[in-house]
2 protein chains.
Amino acid sequence: MDRRHEILEAATKSFSLFGYKATTMDQVAKLANVGKGTIYTFFSNKEELFHAIVFAMINEMKAEKDAIISDRRSFQENAHLVLMKMLEFRERHALLSKLIAEEKEMQTPIVQAVLVKVEQEIVHYIAEHIERAISNKEIRDVDVELVAYLIFKAYMAFAVDWQMTHEQALPEEKIVGVFRDTIFRSLIT
Amino acid sequence: MDRRHEILEAATKSFSLFGYKATTMDQVAKLANVGKGTIYTFFSNKEELFHAIVFAMINEMKAEKDAIISDRRSFQENAHLVLMKMLEFRERHALLSKLIAEEKEMQTPIVQAVLVKVEQEIVHYIAEHIERAISNKEIRDVDVELVAYLIFKAYMAFAVDWQMTHEQALPEEKIVGVFRDTIFRSLIT
DNA sequence: AAATGACCGTTATGGTTTTTTAGTCATTTT
DNA sequence: AAAATGACTAAAAAACCATAACGGTCATTT
């Protein structure tokens with residue numbers, strides 16, 4: 001039985017369920033069926049454990065994105081498919097929305113820092129793809145950083161913020177539809 | 001000397017400077033040079049006074065918007081001019097950003113409720129104008145509510161959120177530019 | 001009739017004690 | 001010998017509580 005893996009599983013479960021602050025190392029140890037000291041042989045502290053989990057998630061998302069994107073499809077189609085896939089994560093991973101909620105309630109600086117890094121990471125990936133599409137003359141020449149930021153913020157707005165002020169979450173088709181009709185549409189040459 | 005007006009001035013100053021919670025009625029009374037009881041002859045409680053001020057601000061913004069919008073200009077041009085005007089408010093009125101900050105720090109329920117109403121109000125105005133432009137065949141037929149929400153969220157993202165994760169605020173021309181190149185561009189028939 | 005500020009019940013504050021937590025390390029287990 | 005452990009400690013957070021500050025009222029004053 002891989003102890004490192006057990007710890008990661010337990011910690012992921014706990015962070016997702018209770019957030020960063022409310023997750024204790026004793027709890028993680030018990031959930032993982034290891035002594036507390038064992039955790040510290042793999043991760044030097046709570047923050048590093050947390051970091052490892054969040055970036056495992058980002059890498060999982062990135063891998064799924066890379067598996068989808070194909071040179072044989074248009075930017076428009078690729079964007080559409082990746083957007084659909086990312087919307088699946090919305091339900092599958094409770095972690096991010098839990099962290100966003102925690103960051104709003106209490107100001108946990110470690111959580112804040114991680115969320116900023118996650119944002120930078122994702123915006124960076126989006127920007128890379130836009131850049132490439134511009135080089136390929138697939139889309140118009142636009143301010144890459146700003147458009148990437150817009151796409152990220154629009155995604156978060158529809159996928160996460162919407163249900164704060166509306167009764168129910170937006171169905172995925174609607175989100176995909178508005179992206180297709182507005183931001184993506186504006187980019188075609 | 002109009003007492004009601006003095007009270008509104010004093011309260012606006014205090015709410016903008018200190019936020020909702022840190023503004024005391026005694027303080028407002030002293031600043032307005034009236035007895036505390038006098039405030040209660042005009043406003044039934046602190047929340048109502050607060051409400052009056054925030055919605056005076058919204059109405060001021062609405063008035064500026066109405067003064068700008070003209071049937072003789074295209075939707076595109078009107079949108080551009082209104083966007084420019086709204087960006088001026090960003091610096092002029094410290095109140096809204098103070099409230100947003102307060103809402104993030106402590107969870108003041110009254111502030112939260114007002115911010116939700118402000119969002120609804122503004123999104124509603126945007127939606128009305130989109131609706132009209134669609135009727136006039138000026139822009140394409142799109143999901144009005146979602147596009148209005150997108151415009152509002154994009155505005156907040158560039159005008160307010162951007163400087164949270166970046167060194168400095170975005171210059172207004174850049175914000176106007178990205179709107180022109182993406183969302184507005186996608187709407188033209 | 002309008003304005004006021006002392007007053008009241010309630011809520012927030014901040015100093016203090018108690019509990020919980022992250023991280024360590026001497027001991028035990030493999 | 002190497003890995004795992006959990007009792008232990010210093011530090012941080014929670015619970016507590018006395019006291020101050022607050023929103024709102026109303027008998028009195030202007």
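Per chain, numbering begins at 1; letters A, B, ... match sequence-line order.
Note on A:T38: a base of the nucleic acid sits closer than 4.0 angstrom, heavy atoms only.
Rounded to whole Å, atom C1' of D:dC22 lies 14 Å from atom CG of B:N45. Whole-Å rounding puts the B:F50 CZ to D:dG23 C1' distance at 16 Å.
Few gaps surround CD on A:E128; more than 12 heavy atoms of other groups in view lie less than 6.0 Å from it. Counting heavy-atom neighbours within 6.0 Å of A:H166 NE2, excluding the residue itself, gives a total above 12.
Across the interface with DNA chain D, nearest-nucleotide mapping of A:I39 and A:K21 shows A:I39 to be the residue nearer the 5′ end. Comparing B:M25 and A:D26 against DNA chain D, the residue whose closest nucleotide sits nearer the 5' end is A:D26.
First and last contacting nucleotides of DNA chain C toward chain B (any atom under 4.0 angstrom from a heavy atom, 5' to 3' order): C:dA3 to C:dT13.
Under 4.0 Å is where a charged nitrogen must lie from a carboxylate oxygen, and between B:E88 and B:K85 at least one such pair does.
Using Watson-Crick or G-U wobble geometry with both donor-acceptor distances under 3.5 Å, D:dT30 finds its partner in C:dA1.
Both tests pass for B:K46 against the ring of B:Y20: distance under 6.0 Å to the centre and angle within 45° of the axis.
Between the side chain of B:R3 and the main chain of B:F42, no donor-acceptor pair closer than 3.5 Å is present.
At a cut-off of 3.5 angstrom, counting only N and O atoms as typed in the model, there is a donor on one side and an acceptor on the other between the side-chain of B:K36 and the base of D:dG23.
Between A:F184 and A:F179, the ring-plane angle classifies as tilted under the 30° and 60° cut-offs.
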